[in-house]
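Only heavy atoms go into these numbers, but all of them, side chains included; no hydrogens, no water, no symmetry mates. Because the structure is predicted, anything quoted here is derived from the model rather than measured. Quick note on labels: first sequence line is chain A, next is B, and so on, each numbered from 1.
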There are 2 protein chains.
Amino acid sequence: MNEIRTAPNKYEKILENNNIKPTAMRLLVLQFLLNKNVATSLTDVENYFAKSDRTTLYRTLKTFVEKGISHKIDDGTGITKYALCEDNCRCEIDTDLHLHFHCTKCSETVCITEYKIPPIHLPKDYIAENVNLVVKGICDKCNSK
Amino acid sequence: MNEIRTAPNKYEKILENNNIKPTAMRLLVLQFLLNKNVATSLTDVENYFAKSDRTTLYRTLKTFVEKGISHKIDDGTGITKYALCEDNCRCEIDTDLHLHFHCTKCSETVCITEYKIPPIHLPKDYIAENVNLVVKGICDKCNSK
DNA sequence: TGCCCTATGCAACGGAAGTGCATTATTTGC
DNA sequence: GCAAATAATGCACTTCCGTTGCATAGGGCA
Ligand SMILES: [Mn+2]
Ligand SMILES: [Mn+2]
Ligand SMILES: [Zn+2]
Ligand SMILES: [Zn+2]
């Protein structure tokens, strides 16, 4: 993680396109999230950037969610996770929501974006506004060991 | 003791059938849960039984889950809820798991047992062991007001 | 009655999210 | 370029809930 000084790079563009001021910390966190393919907790980020302040990182992740480049994941572990959204994601119930898989062996949580959440049947007069679908089990990596 | 024991009422039977000693507190909590049709938090129980101890109630609920007469619900609010299982429930993934609906207006969470959770598609090599499906929105009662 | 096992009650702990506020950095107006 | 305004950061502290340790009480049984 060193190439931050190099002119308007792709990371700065991502932030600027979403009305997020590209501060040093935000760029580093964005880069960190982009390089990970699993959902990331505040503590994960905190451990990686050992020198920086938890609150700043907390608010950075919060900003990312508010500005729409990241989504918050409640995988049932009690620890909030974050993952960058796919391109053109608007976190909408019918098009963008996907299930999250939590592996009970390696404890990692991943976005399963390949399949959409199946249509949910609800009794009369219920209105769905949001869906959280979490599957726990063994992930592909752990399964092939 | 040769005396004829007083016949157990239906609450005692429920507990005894599941190897739970029917103490006074447990009977009261069971009765409370049976009379509610919404998922119940420890704090709910605590408020209802104002004089009794939080830990005892906590452990009562925990015992109910361990012995299989109740299930724990993570509705995404950060507050664990409990609801009594249906008859013959073994909390198994294919037969007993149902979705939970959390109303953002009245803040109540209910078990939707009428419909089963639809089959989940997962990528190759993933093994599902458990599913948590929570839908947020407006419940029937709030919707008809 | 005395023993043992369980249930109970009180207190304290721990993790994680979130907030108040002073300080520092950056932008904006002139 | 300078000063005022605005935004980001850092530190301390709080709150909320779940959980545990440990001492005491109660109830079945020899
Ligand atoms: Mn995701
Ligand atoms: Mn339920
Ligand atoms: Zn795994
Ligand atoms: Zn409602």
Output field: ring centroids A/Phe101/B/Tyr126 closer than 6.0 Å:
yes

Just how far, in rounded Å, is P of C/dT23 from CG of A/Asp53?
16 Å

Heavy atoms of A/Ile79 and A/Asp75 approach each other most closely as O-OD1, 3.8 Å

Has A/Thr56 got a side-chain N or O lying under 4.0 Å from the OP1 or OP2 atom of D/dG10?
yes

Just how far, in rounded Å, is C1' of D/dA7 from CE of A/Met25?
17 Å

First encountered from the 5' end of DNA chain C, between B/Lys51 and B/Lys21:
B/Lys21

What integer distance in Å separates A/Leu57:CG from C/dG18:P?
15 Å

Rounded to whole Å, CD1 of A/Ile20 lies from C1' of D/dA7 at a distance of 14 Å

Between B/Arg54 and B/Glu46, is a salt bridge (Lys or Arg N to Asp or Glu O under 4.0 Å) present by the stated rule, with each step listed?
CA-CA 6 Å; B/Arg54 180 181 172 71; B/Glu46 197 189 349; 2.6 Å; yes

Calculate the interatomic distance between B/Glu66 atom CD and C/dA7 atom P; express it in whole Å.
11 Å

So, applying side chain to side chain contact (heavy atoms under 4.5 Å, CB included) with B/Val29, which one of B/Thr60, B/Thr56, B/Thr63 is it?
B/Thr60

Do B/Leu30 and B/Ile69 make a side-chain contact, defined as non-hydrogen atoms from C-beta onward lying under 4.5 Å apart?
yes

Between atom CG in A/Leu28 and atom C1' in D/dA8, what is the gap in whole Å?
15 Å

State, without any angle test, whether B/His100 and B/His98 hold a side-chain donor-acceptor pair at a distance under 3.5 Å.
yes

I need the CG-C1' distance between A/Leu61 and D/dA8, as an integer number of Å.
15 Å

When rounded to whole Å, the CD1 to C1' distance for the pair B/Ile73 and D/dC17 reads 17 Å

Starting at the 5' end of nucleotides 18-24 of chain D, put B wherever the base has a protein heavy atom under 4.0 Å, S where only the sugar-phosphate does, and a dash everywhere else.
BBBB---

